[in-house]
Amino acid sequence: MYTLLLAVIYLVFISLGLPDSLLGAGWPVMHQTFGVPLSWAGAVSMIVAGGTICSSLSCERLTARFSTRGVTLASVLLSALSLLGFSLAGSFWALCLWAVPYGLSAGCIDSAINNYVALHYRSRHMSWLHSFWGVGTIISPVIMSRALAGGSWRLGYRTVAVLQLAIGAVVLLTLPLWNARKAPAAAGPARVLGVRGALKIPGAPSLFAGFFAYCAGESTAILWASSYLVGARGFSEARAAASAGLFYAGITAGRFLSGFVADRLGDRRMIRLGVATAALGVLALVAPAGEWGALAGLALFGLGCAPVYPAIIHSTPQNFGAENSQGLIGMQMASAYLGSTFVPPVFGLLAGRAGLQWMPLFLAAFLALLAVMTERTWRRVDRAHK
């Protein structure tokens with residue numbers, strides 16, 4: 001039962017990653033279909049992000065009423081419906097309309113599953129869980145590329161919608177498994193924290209700030225790494241596009257490898273190790289080591305980012321209590337999406353004025369904020385426990 005349910009959870013996280021890279025893969029053709037500028041993809045992604053933030057904040061109440069398994073099943077099916085709607089959209093505005101339920105479904109899955117794994121499974125499983133999200137993001141561009149080769153981006157969305165429906169069927173058939181594991185005993189009665197209640201918990205506000213900083217830096221690297229290699233390090237466009245994949249390789253491999261040592265080192269050490277490794281990556285980016293220094297910097301920065309997200313999530317019940325974890329993880333997800341949505345465009349504005357060569361310093365600033373905020377959180381938590 002333990003292993004089978006874990007396999008289902010990993011499958012659900014693949015379903016979370018599947019749609020995330022579809023828009024980027026298909027947009028070069030999609031924007032021509034709708035007759036809108038290439039830049040309008042940002043509007044769709046912002047709508048998705050807005051829905052994700054709202055559902056992350058609402059997930060605590062939803063899981064309290066409908067349970068994690070109920071929220072997960074409904075979210076997977078809503079995601080499938082939204083993707084089917086994408087494939088049928090006859091205008092850009094219809095696409096924006098379907099982006100709303102997709103964003104709502106993604107936030108609930110992310111918050112509910114992260115909390116469930118944090119409560120019931122070891123730290124290594126959290127690391128591997130986020131590796132499976134990466135599997136989903138790798139599969140969907142392949143699906144879209146084949147659909148485009150056949151002449152229809154809509155087929156790509158329909159194919160992923162069918163996959164989501166299949167995953168939803170698996171979740172439906174395995175619903176009894178979710179009752180087989182009991183959550184750790186809570187320190188007090190279960191309650192809905194809400195935003196105000198979460199902000200009153202010692203250490204929580206600084207943790208939200210640290211999580212915001214982490215996702216801001218990670219997303220900036222994802223969006224601007226290729227442009228940095230071209231504009232600041234003299235790479236050709238083709239080579240930069242291929243080389244930027246070193247960041248993805250670093251973060252995916254890092255999360256897989258972290259699973260083998262996370263239980264032994266513990267969440268706090270994993271976060272500190274990740275921050276230190278990412279700092280080495282920043283130093284390599286600015287070191288006078290030529291192209292190889294830049295490539296090593298991206299790989300190291302991704303490798304350092306790898307354990308931070310899973311370790312912060314997994315440590316939440318231990319730091320703040322099992323009774324508070326769903327509300328706090330929902331707030332963490334909202335903080336994460338705020339950082340990943342709004343900070344990369346800010347760097348784009350700064351780079352337009354000052355130049356792309358400032359990206360390593362920009363990343364260093366958010367890395368420092370992450371380190372300061374997490375250490376502050378642990379001090380507050382330790383005092384509260386004493």
Side-chain angles (χ1 to χ4, degrees), residues 110-111 114-115 117-119 121-131 133-134 198 201-222 247 250-283 299-321 324-325 328-340 343 363-385:
D110 210 355
S111 298
N114 271 301
N115 181 62
V117 173
L119 288 172
Y121 292 93
R122 294 183 178 181
S123 182
R124 62 182 177 183
H125 296 302
M126 183 67 79
S127 294
W128 289 332
L129 177 72
H130 287 270
S131 292
W133 172 85
I201 295 178
S206 55
L207 181 64
F208 302 150
F211 213 48
F212 170 88
Y214 165 76
C215 291
E218 179 194 85
S219 299
T220 299
I222 288 173
F247 176 81
I251 199 168
T252 302
R255 285 179 176 167
F256 177 74
L257 294 174
S258 293
F260 294 102
V261 298
D263 291 340
R264 189 180 316 126
L265 295 181
D267 293 320
R268 293 188 183 184
R269 287 182 180 176
M270 290 300 296
I271 293 169
R272 287 170 176 149
L273 180 61
V275 170
T277 305
L280 289 176
V282 171
L283 291 175
L300 282 171
F301 191 77
L303 192 65
C305 286
V308 176
Y309 194 118
I312 288 178
I313 296 293
H314 186 265
S315 63
T316 300
Q318 180 181 357
N319 287 334
F320 301 104
N324 296 321
S325 65
L328 291 175
I329 287 177
M331 286 286 289
Q332 288 169 31
M333 294 297 104
S335 301
Y337 287 113
L338 282 172
S340 61
V343 173
L363 297 179
F366 282 100
L367 196 60
L369 180 60
L370 165 65
V372 170
M373 289 296 102
T374 50
E375 294 292 341
R376 181 178 181 182
T377 296
W378 297 332
R379 287 197 298 271
R380 295 292 303 275
V381 166
D382 291 343
R383 284 202 298 267
H385 286 176

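- Between W133 and D110, every side-chain heavy-atom pair lies at or beyond the 4.5 Å cut-off.
- The minimum heavy-atom distance linking F256 with S131 is given by the pair N-OG, 3.3 Å.
- Side-chain atoms of V275 and R272, non-hydrogen and from C-beta on, never get closer than 4.5 Å to each other.
- You'll find the side chain of L328 reaches within 4.5 Å of the side chain of F208, heavy atoms only.
- A 4.5 Å side-chain heavy-atom check between C215 and Y337 finds every atom pair outside the cut-off.
- In this structure, the side chain of H385 engages the main chain of N319 through a donor-acceptor pair within 3.5 Å.
- For E375, the CD atom counts as densely surrounded, since its 6.0 Å shell holds more than 12 non-hydrogen atoms of other residues, nucleotides or ligands.
- Between F366 and T220, the closest side-chain pair of non-hydrogen atoms is not below 4.5 Å.
- When all heavy atoms of A118 and M126 are compared, the pair lying nearest together is N-CE, 3.6 Å.
- Nearest heavy atom pair, residue L363 against residue G217, reads CD2-O, 3.4 Å.
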Criterion side-chain contact (heavy atoms from CB on, under 4.5 Å) on Y214 and I271, from CA distance to verdict: CA-CA 11 Å; Y214 165 76; I271 293 169; over 6 Å; no

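- The side-chain heavy atoms of E218 and F301, taken from C-beta on, include no pair separated by under 4.5 Å.
- Atom-to-atom distance recorded for L300:CG and F247:CZ is 11.5 Å, nearest 0.5 angstrom.
- Side-chain contact of S325 with T316: a donor-acceptor pair under 3.5 Å is absent, judged by distance alone.
- T374 places a side-chain N or O within 3.5 Å of a backbone atom of A371 that can act as its donor or acceptor partner.
- Atom CG of residue D267 and atom CD of residue Q318 lie 7.0 Å apart, to the nearest 0.5 angstrom.
- Within the model, atoms CG of N115 and CD1 of I329 stand 4.0 Å from one another, a figure rounded to the nearest 0.5 Å.
- The salt bridge (charged side-chain N to carboxylate O under 4.0 Å, His left out) test applied to R380 returns no partner, not counting sequence neighbours.
- For the pair R255 and Y309, the tightest heavy-atom approach, listed with the atom from each and the gap, is NH2-CB, 3.5 Å.
- Between M373 atom CE and I312 atom CD1 the span is 12.0 Å, to the nearest 0.5 Å.
- The heavy-atom pair separating D263 from R124 by the smallest distance is OD2-CD, 3.2 Å.
- Put simply, the side chain of H314 gets close to the backbone of Y121: a donor and an acceptor are under 3.5 Å apart.
- The two residues A262 and S123 come nearest to each other via the heavy atoms CB-OG, 3.4 Å.
- The side-chain contact (heavy atoms from CB on, under 4.5 Å) test with T377 is passed by exactly one of S315, S206, P202: S206.
- Heavy-atom neighbours of R376 CZ from other residues, nucleotides or ligands within 6.0 Å: at or below the threshold of 12.
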